[in-house]
Asks: 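I am attaching a structure below and will ask some questions about it afterwards.
Numbered from 1 within each chain, the chains take letters A, B, ... in sequence-line order. Just so you know, these numbers come straight off a predicted model, no measurement behind them. Values reported hereafter were calculated over all heavy atoms of this structure, with side chains retained and with hydrogens, waters and symmetry mates removed.
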Amino acid sequence: MAPRKKYLERNFFNNEPELVAPKLLGTTLVIESSPKLALKLVEVEAYGGALDIASHAYRGMTKRNKVMFGPPGFLYVYFTYGMHWCANITCLKEGVPGAVLLRAGMPTEGIALMRRNRNRGDIKDQDIANGPAKLCQALGVDGSWNGLDLFGSACNIKMIANENKDFEVGRSNRIGVREESPLPWRFFIKNNMFVSKYKAQVE
DNA sequence: TTATTGATGGTCT
DNA sequence: GACCATCAATAAG
């Protein structure tokens, strides 16, 4: 008999991002569109507030980063390098900035549409969402999703908690950021083929 | 295999 | 005007 699915609740994100991030690994993100899209998160990074020099929130609230300062459980989607979108889920209570960047996932449902969204018919499954911008492109996430309440009644996104922790969590410095004293706030599932390879890092 | 670079535009100083 | 929480194509070894 299969166990009942347990969904994450907003309170899950009302915590320090570096504590939320590793617990988020193995979560299945489901978009109840037609067709349904789903992927299992295998790599994430935490970003914080005033003490985290690499965070968009480091220099205070701006038009771009204001969602990070809002309540937990909202999408923070930003545009970078002139062509890419990246998605975070906000953490911590209103007024305290924090977020977890979704860096990579293992597609489980709607793979054909994801591959089409990526504008490539020939890539392997493990290359569909093995990077933060690839993940967004595969799921069709863009700037219009910024500020979306993941736990609002109008939201068609669900997050299924991973209850059998059948993997080891790896940890490293964050990717693509410059910081003098790097924080080990990137978390990933060890030995998983769907983790990003960009500037590959281990443990 | 790894290393390098062009693409392309919003955000912030 | 500089910097980007990146990607994919190309070059080099």
Asks: For A:Tyr78 and B:dC12, give me the distance from atom OH to atom P, rounded to whole Å.
Replies: 13 Å
Asks: Using atom CE of A:Met61 as one end and atom C1' of B:dC12 as the other, report the distance to the nearest whole Å.
Replies: 16 Å
Asks: For B:dT8, what is the paired nucleotide under Watson-Crick or G-U wobble rules, both distances under 3.5 Å?
Replies: none
Asks: Rounding to a whole Å, what distance do you find between A:Lys66:NZ and B:dC12:C1'?
Replies: 17 Å
Asks: Can you check whether A:Tyr76 and A:Tyr78 have ring centres sitting under 6.0 Å from each other?
Replies: yes
Asks: Run the salt-bridge test on A:Asp149 and A:Arg10 with the 4.0 Å N-O cut-off and return the result as yes or no.
Replies: yes
Asks: For the pair A:Asp125 and A:Arg115, find out whether any cationic side-chain nitrogen is under 4.0 Å from an anionic carboxylate oxygen.
Replies: yes
Asks: In this structure, how many angstroms lie between the P atom of C:dC3 and the NE2 atom of A:His56, rounded?
Replies: 15 Å
Asks: How does each nucleotide of nucleotides 5-11 of chain B score, in 5' to 3' order, for protein heavy atoms under 4.0 Å: base (B), sugar-phosphate only (S), or none (-)?
Replies: --BBBSS
Asks: Look at the side chain of A:Asn88 and the backbone N and O of A:Ala99, then say whether any donor-acceptor pair between them is shorter than 3.5 Å.
Replies: no
Asks: Does the ring of A:Tyr47 carry A:Arg174 above it, NZ/CZ under 6.0 angstrom from centre and within 45° of its axis?
Replies: yes
Asks: For A:Pro72, does its backbone N or O pair with a side-chain atom of A:Asn14 as donor and acceptor, under 3.5 Å?
Replies: no
Asks: Please report the distance, rounded to the nearest Å, between CZ in A:Arg118 and C1' in C:dA8.
Replies: 9 Å
Asks: Across all strands shown, which nucleotide pairs with C:dA5 by Watson-Crick or G-U wobble geometry, both distances under 3.5 Å?
Replies: none
Asks: Taking everything shown except A:Lys165 itself, do over 12 heavy atoms lie less than 6.0 Å from its NZ?
Replies: yes
Asks: Heavy atoms within less than 4.0 Å of DNA chain C: which residues of residues 130-138 of chain A have one? Give them sorted by number.
Replies: A:Gly131, A:Pro132, A:Ala133, A:Lys134
Asks: C:dC7 P sits how many Å from A:Ile123 CD1, rounded?
Replies: 12 Å
Asks: In whole angstrom, give the distance that lies between atom CG of A:Asp122 and atom C1' of C:dA8.
Replies: 12 Å
Asks: Tell me the interatomic distance from A:Arg186, atom CZ, to C:dA5, atom P, rounded to whole angstroms.
Replies: 16 Å
Asks: Would the distance check show the side chain of A:Asn146 and the main-chain N or O of A:Val77 forming a donor-acceptor pair, the cut-off being under 3.5 Å?
Replies: yes
Asks: Does any N or O in the side chain of A:Glu43 come within less than 3.5 Å of the main-chain N or O of A:Leu102, such that one atom is a donor and the other an acceptor?
Replies: no
